[in-house]
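First the structure, in the form of structure tokens, and then the observations on it.
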Amino acid sequence: MIKVGLVGFGKAGQAVATVLLEDPRYELCWIARQSTGGLVQLTPEVAVPSVALTTPQAWADWLAVHPVDALVDFSKPASLHAYGEQVRQRGLMLVSAISAYSAQDLAYAHQLGTQARVLCSPNITVGINFLILAARLLRTIAPFADVEILEQHFRDKPEVSGTARKIAQSIDVDEDRITSLRLGGIVGHHEVIFGFPYQTVRLIHNSIERRAFGTGAAFALAQLAERSNGFYTFDDLMMHMVRQELMKTPTTSPL
């Protein structure tokens with residue numbers, strides 16, 4: 001069983017905690033959050049310790065007494081620099097779903113990957129990462145097609161979706177091809193539209209419930225546990241599985 005510390009306890013973090021708690025492969029040991037410590041009652045039967053950790057020394061002191069095998073981060077970019085050296089020194093697995101990392105933050109995460117297993121993905125759902133994989137393949141097959149990206153999120157999300165930006169980067173289209181809508185009742189919607197002569201292809205992913213982030217984090221942890229030290233994206237993990245599957249597929253010679 002992999003012992004996990006969860007960083008961040010907003011709406012996404014709460015959903016992730018629920019999934020990790022239900023998954024027999026993981027033990028959710030504690031939650032690092034902005035507010036003061038205590039117990040978080042996740043279910044009527046289960047309470048998990050919580051603690052406020054904001055400095056590298058606080059992280060070092062806490063992990064010395066409450067060790068874990070992995071961190072799952074749904075908080076903010078600054079957290080990476082607070083716990084980063086503990087990831088490096090202790091060789092922890094890190095799954096980060098932060099969407100607002102700067103270039104400097106990502107460079108630091110890459111450095112941590114020399115001594116630990118680190119995954120960073122702005123959207124950690126399995127479905128959206130499969131969509132990105134499929135979009136890349138179709139873009140390679142039909143580079144002449146027109147491409148537009150549509151992203152829809154809840155009303156209070158201020159910035160353009162980091163996932164939409166990642167899709168644009170992955171298929172080499174300008175970010176001005178992203179259309180954003182903000183509407184009540186929507187968790188997350190991403191759509192890649194390919195316009196061909198006489199036909200269109202739409203690749204669509206809808207986040208129905210935030211627990212999808214939890215199943216994605218659980219998938220990432222299971223895959224990282226089988227990998228060597230390094231910096232990974234969700235694409236890397238999925239491509240590894242695709243290659244393994246293709247190697248199982250028998251090939252036939254043309255007639």
Side-chain angles (χ1 to χ4, degrees), residues 1-34 37-53 59 62-76 79-80 82-84 86-99 109 112-113 115-130 207-238 240-241 244:
M1 183 178 290
I2 297 174
K3 295 184 176 181
V4 180
L6 176 63
V7 187
F9 201 62
K11 291 180 179 179
Q14 293 172 39
V16 171
T18 300
V19 172
L20 293 177
L21 191 65
E22 295 172 348
D23 194 318
R25 297 173 296 178
Y26 307 110
E27 177 186 356
L28 179 58
C29 297
W30 44 260
I31 299 166
R33 54 194 303 202
Q34 290 184 335
L39 291 177
V40 176
Q41 201 75 34
L42 295 179
T43 73
E45 299 81 18
V46 179
V48 175
S50 73
V51 60
L53 302 173
W59 274 99
W62 177 260
L63 285 168
V65 181
H66 304 87
V68 291
D69 305 307
L71 298 180
V72 175
D73 190 354
F74 278 79
S75 61
K76 54 186 179 180
S79 297
L80 176 67
Y83 61 64
Q86 294 304 307
V87 168
R88 188 199 307 272
Q89 292 174 20
R90 297 173 182 273
L92 303 180
M93 290 187 289
L94 170 62
V95 172
S96 172
I98 306 300
S99 62
L112 296 179
Q115 294 173 268
R117 287 162 285 183
V118 175
L119 178 138
C120 292
S121 176
N123 190 312
I124 207 158
T125 61
V126 174
I128 196 66
N129 284 282
F130 183 80
S207 293
I208 299 168
E209 220 273 2
R210 287 185 176 87
R211 277 180 289 184
F213 301 137
T215 56
F219 169 85
L221 283 172
Q223 292 299 311
L224 281 183
E226 300 178 358
R227 308 298 289 272
S228 57
N229 288 348
F231 178 91
Y232 299 94
T233 65
F234 217 100
D235 294 353
D236 296 328
L237 301 185
M238 295 198 81
H240 177 73
M241 297 187 72
Q244 286 186 318

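The first residue in the sequence is number 1, and the count goes up from there. All values below were derived from every heavy atom in this structure, side-chain atoms included, with hydrogens, water molecules and symmetry-related copies excluded.
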Interatomic distance, CG@L119 vs CZ@R227, rounded to 0.5 Å, equals 10.0 Å
Is the closest side-chain heavy-atom distance between S79 and V7 below 4.5 Å?
yes
For T215, all residues meeting side chain to side chain donor-acceptor pair (under 3.5 Å), sequence neighbours excluded
none
Got a second to check how far Y83's OH is from R88's CZ, nearest 0.5 Å?
13.0 Å
Ring centres under 6.0 angstrom apart (F234, F219):
yes
Output the distance between atom CD1 (I98) and atom SG (C120), rounded to the nearest 0.5 Å.
8.5 Å
For atom CZ of R90, is the number of surrounding heavy atoms from other residues, nucleotides or ligands below 6.0 Å larger than 12?
yes
Under 3.5 Å: donor-acceptor pair, side chain of R117, backbone of L224
yes
So if I apply the side-chain contact (heavy atoms from CB on, under 4.5 Å) rule between L94 and each of L221, V72, L80, which one comes out positive?
L80
Anything under 3.5 Å between a donor and an acceptor, one on a side chain of residues 24-34, the other on a protein residue two or more places apart or in another chain? List them.
| from | atom 1 | to | atom 2 | distance (Å) |
| --- | --- | --- | --- | --- |
| R25 | NE | D23 | OD1 | 3.1 |
| R25 | NE | D23 | OD2 | 3.4 |
| R25 | NH2 | D23 | OD2 | 2.8 |
| Y26 | OH | A218 | O | 2.6 |
| Y26 | OH | A222 | N | 3.2 |
| W30 | NE1 | H66 | O | 3.1 |
| R33 | NE | S35 | OG | 3.1 |

Which residues pass the ring pair (Phe, Tyr, Trp, His ring centres under 6.0 Å) test with F213, not counting sequence neighbours?
none
Hey, does the side chain of N129 reach the backbone of V126 with a donor-acceptor pair shorter than 3.5 angstrom?
no
Nearest 0.5 angstrom please: E209 CD to T125 OG1, how far?
13.0 Å
Contact summary for Q41 and A47, nearest pair of heavy atoms
OE1-CB, 3.5 Å
For the backbone of W59 and the side chain of Q86, can you confirm whether one donor and one acceptor N or O come within less than 3.5 Å of each other?
no
Please check if any side-chain donor atom of D73 sits under 3.5 Å from a side-chain acceptor atom of S75, or the reverse.
yes
